[in-house]
Every structure is written in structure tokens, then in C-alpha cells.
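Lettering of chains follows the sequences in order, A, B, ..., and the numbering in each one begins at 1.
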Number of protein chains: 2
Amino acid sequence: MTSFYEQHMRQIGLKLSQYSVLANISEQKQTLVQLADRLDMDRTTLTRSLRPLLDQGWVVEAAGDDARQRWLVLTPTGSVFRQKAEAHWRDAQLALESQLGREFVANLNVQMQQALSQLKPALPEAN
Amino acid sequence: MTSFYEQHMRQIGLKLSQYSVLANISEQKQTLVQLADRLDMDRTTLTRSLRPLLDQGWVVEAAGDDARQRWLVLTPTGSVFRQKAEAHWRDAQLALESQLGREFVANLNVQMQQALSQLKPALPEAN
DNA sequence: CAATAATATGTGCATATGCACGTTAAATGC
DNA sequence: GCATTTAACGTGCATATGCACATATTATTG
């Protein structure tokens with residue numbers, strides 16, 4: 001399934017993980033750790049997925065009162081690109097649904113969410 | 001979920017992928033490609049997962065009439081170890097079921113199988 | 001039967017990922 | 001107010017994976 005999405009996102013030069021980040025940054029500023037928590041991904045992996053988005057100017061880092069933190073903000077350019085990316089994401093979604101059935105995919109999403117929330121507390125090495 | 005199984009298999013020094021191979025070799029000889037197909041995994045990844053099993057003497061390579069092929073066979077020692085490994089696998093399965101519910105896991109298995117079989121023909125880059 | 005195609009396999013290389021460690025800065029304890 | 005602990009972050013290193021390529025062997029075709 002991921003390779004399905006990868007194929008579609010490649011058309012605009014994004015890895016799936018990069019889209020995932022872009023889609024969750026939005027305009028409200030967040031810290032790296034906050035974002036990593038939200039995405040259920042490793043903090044250091046996020047650092048690396050983020051780099052290209054910073055290089056492209058879609059995301060910028062802003063300093064706050066706490067000098068350790070780096071606030072991440074989606075730029076206007078990033079916002080425009082994000083909309084474009086979302087269209088491709090929806091294409092992928094539709095293509096996937098045409099293979100598996102709309103309900104099948106919807107069910108799977110619910111179940112994966114459920115599995116994640118129930119398994120996460122049981123894993124000591126959880127992100 | 002994989003990390004769940006990894007934890008349990010680590011107790012007998014196996015990676016999940018290695019167990020997966022061991023569990024599917026059985027005593028009937030197969031080629032690398034046949035086994036890779038059965039496991040839906042990349043041929044070259046299988047080569048590498050197999051190495052430790054060969055080193056431990058749980059699997060041996062036998063030559064046949066076709067000099068290109070290497071027939072893979074589970075040894076008696078391997079068979080004994082496999083049974084031990086299967087016990088740990090079942091432990092992991094039970095632990096997982098205790099977290100998610102027995103039916104939930106069963107359903108997931110069915111759905112994953114279904115998704116795989118329906119998606120695979122649609123992917124040009126499928127293994 | 002020679003030339004070409006197909007098959008079975010290993011290996012180099014690039015990439016994604018997570019953990020251990022280091023560094024800087026804030027918070028807390030006494 | 002200084003010492004210690006905690007927090008936020010980057011980076012080195014190890015590993016798993018898949019693709020591209022190389023090699024050897026069998027099949028096919030003219």
C-alpha cells in the first residue's frame with residue numbers, strides 16, 4: 001500500500017514520508033518533538049524527512065523564547081505546494097480504493113488507528 | 001506489531017524475517033525463487049535472511065540437475081529448532097491477541113491477505 | 001551447432017530507519 | 001547562586017531493504 005502512494009507522490013518529487021510531514025505541519029507552529037509525536041514517528045527520522053522541505057522553503061524554523069526549541073512553520077509557498085500535493089494524495093487514495101473497495105480501505109484505517117493506540121502503551125521502545 | 005514479534009523472537013536469537021523463512025522452508029526442498037514467491041519477499045533479501053540459517057546448519061543447500069539452482073532443505077537440527085521457534089511465535093501471537101483481541105487479529109490477517117492478493121497484480125514493481 | 005535469450009543466483013550501492021551519544025540550554029534543588 | 005537534572009535537538013553508526021548489475025548455466029531459435 002505504501003508503494004502505491006509512493007508512486008503517486010513521486011510525480012511531484014515527494015517521498016511518502018515527506019508528504020506525511022507536509023500534511024501535518026499546517027500553519028500552526030509546532031516543535032519537532034510535538035510533530036514527531038503527532039506523526040508517531042521517530043524524532044530523528046523526522047529531522048531527516050524535514051530537511052528537503054526546509055531546503056525547498058516550504059517550511060521554516062523560527063526561534064522562540066526557549067533557545068533549544070525550533071518552531072516549525074509552513075510558509076505560504078509551502079501552503080500552495082501542500083494543496084498540490086494533497087490532490088495527488090487523493091488520487092492515490094482513489095486509485096487504492098478502486099483496487100480494494102472504498103469500505104475496505106475505510107475499515108482498515110479505523111482498525112490501524114485502533115491497533116496503534118492499543119499497542120503503543122504496551123511497547124517500551126515506542127517513539 | 002512487527003516489533004511485538006521481534007521482541008519475542010529475540011529471546012531465541014532470531015529476527016522476525018529469519019523466523020519467517022524458517023517457518024516456510026519445511027522439509028520439502030525449494031529453490032530460492034520459489035521460497036521468495038511464497039513469502040512475498042524480495043529474492044535478494046531472502047538471500048541475506050537465509051545466510052545465518054545456513055551458518056547455523058538449520059538449512060542446507062543441495063545441488064540438483066540444474067546447476068544454477070540451489071535446493072534449500074531444512075535439516076533435522078533445523079526442524080528441532082523450528083519447533084522451539086514456533087512456540088515463541090505462538091507466545092507472541094497470544095500476547096498480541098491479549099492486547100488487541102483474538103477476533104481483531106484474525107480479521108486483520110484475513111484482510112491483509114486479501115489486500116495483498118488484490119494489490120499485487122496492480123503493482124509493476126511487485127516482487 | 002552456434003548465437004541469442006532466458007533463468008537462477010550473488011553483490012555493490014543507495015536509502016530509510018532507529019538507537020546511542022554528544023551538545024546546548026533551561027529547570028530544579030539545595 | 002551554583003550544581004545537577006531534564007529537555008530539545010543533531011549526528012554517527014548499524015542494519016534492513018530493494019534495485020541495478022554481474023555471472024554462470026540452461027533453453028531456444030535460426
Which one, C:dC21, C:dA25, D:dT25, comes nearest to the side chain of A:Arg43?
C:dC21

Among D:dT17, D:dC9, C:dT9, which nucleotide sits nearest the side chain of A:Val33?
D:dC9

Rounded to whole Å, please give me the gap between CG in B:Asp66 and P in D:dA27.
6 Å

Does A:Gln113 have any side chain to side chain contact (heavy atoms under 4.5 Å, CB included) partners at least two apart in sequence or in another chain, and if so, which?
none

By side chain to side chain contact (heavy atoms under 4.5 Å, CB included) - contacts of B:Val33 (at least two apart):
B:Asp37, B:Arg43

Between CG of A:Leu50 and P of D:dC9 the distance, given in whole Å, is 10 Å

Just how far, in rounded Å, is P of D:dA24 from CD of B:Gln69?
18 Å

Measure from CG on A:Asp42 to C1' on C:dC21 and round the result to the nearest Å.
14 Å

What does the list of N/O pairs under 3.5 Å between the protein and nucleotides 13-16 of chain D look like, with a distance for each?
residue, atom, partner, partner atom, Å
D:dA16, OP1, B:Lys15, NZ, 2.6

Check whether any side-chain nitrogen or oxygen of A:Arg51 sits under 4.0 Å from OP1 or OP2 of D:dC9, and answer yes or no.
no

For A:Thr47, which residues count as a side chain to side chain contact (heavy atoms under 4.5 Å, CB included) partner, sequence neighbours excluded?
A:Leu32

Between A:Thr31 and A:Gln34, does any side-chain donor sit less than 3.5 Å from a side-chain acceptor?
yes

May I ask whether B:Leu100 and B:Met112 are part of the same hydrophobic cluster, defined by side-chain heavy atoms of I, L, V, M, F, W, Y residues being less than 4.5 angstrom apart, directly or through others?
yes

Without decimals, in angstroms, what is the distance between A:Gln7 CD and D:dG18 C1'?
14 Å

Interatomic distance, A:Leu16 CG vs C:dT17 C1' [rounded to whole Å]
14 Å

Nucleotide nearest A:Thr31 (side chain, heavy atoms from C-beta), chosen from D:dT25, D:dA8, D:dT11
D:dA8

By nearest-heavy-atom nucleotide on DNA chain C, the more 5' of B:Trp71 and A:Arg68 is B:Trp71

Per the atom types in the model, does the base of D:dC9 pair as donor or acceptor with the side chain of A:Thr44 at under 3.5 Å?
no

Residues in side chain to side chain contact (heavy atoms under 4.5 Å, CB included) contact with A:Ala95, at least two apart in sequence or another chain
A:Phe4, A:His8

How close or far is atom C1' of D:dC19 from atom CG of B:Leu46, stated in whole angstroms?
16 Å

For residues 72-85 of chain B, which side-chain donor-acceptor pairs fall under 3.5 Å, sequence neighbours excluded?
residue, atom, partner, partner atom, Å
B:Thr75, OG1, B:Gly57, O, 2.7
B:Thr75, OG1, B:Trp58, O, 3.2
B:Thr75, OG1, B:Gly78, N, 2.9
B:Ser79, OG, B:Glu27, OE2, 3.2
B:Arg82, NH1, B:Ala23, O, 3.4
B:Arg82, NH1, B:Glu86, OE2, 3.3

Would you mind reading off the distance between B:Gln30 atom CD and C:dA8 atom C1', rounded to a whole angstrom?
15 Å

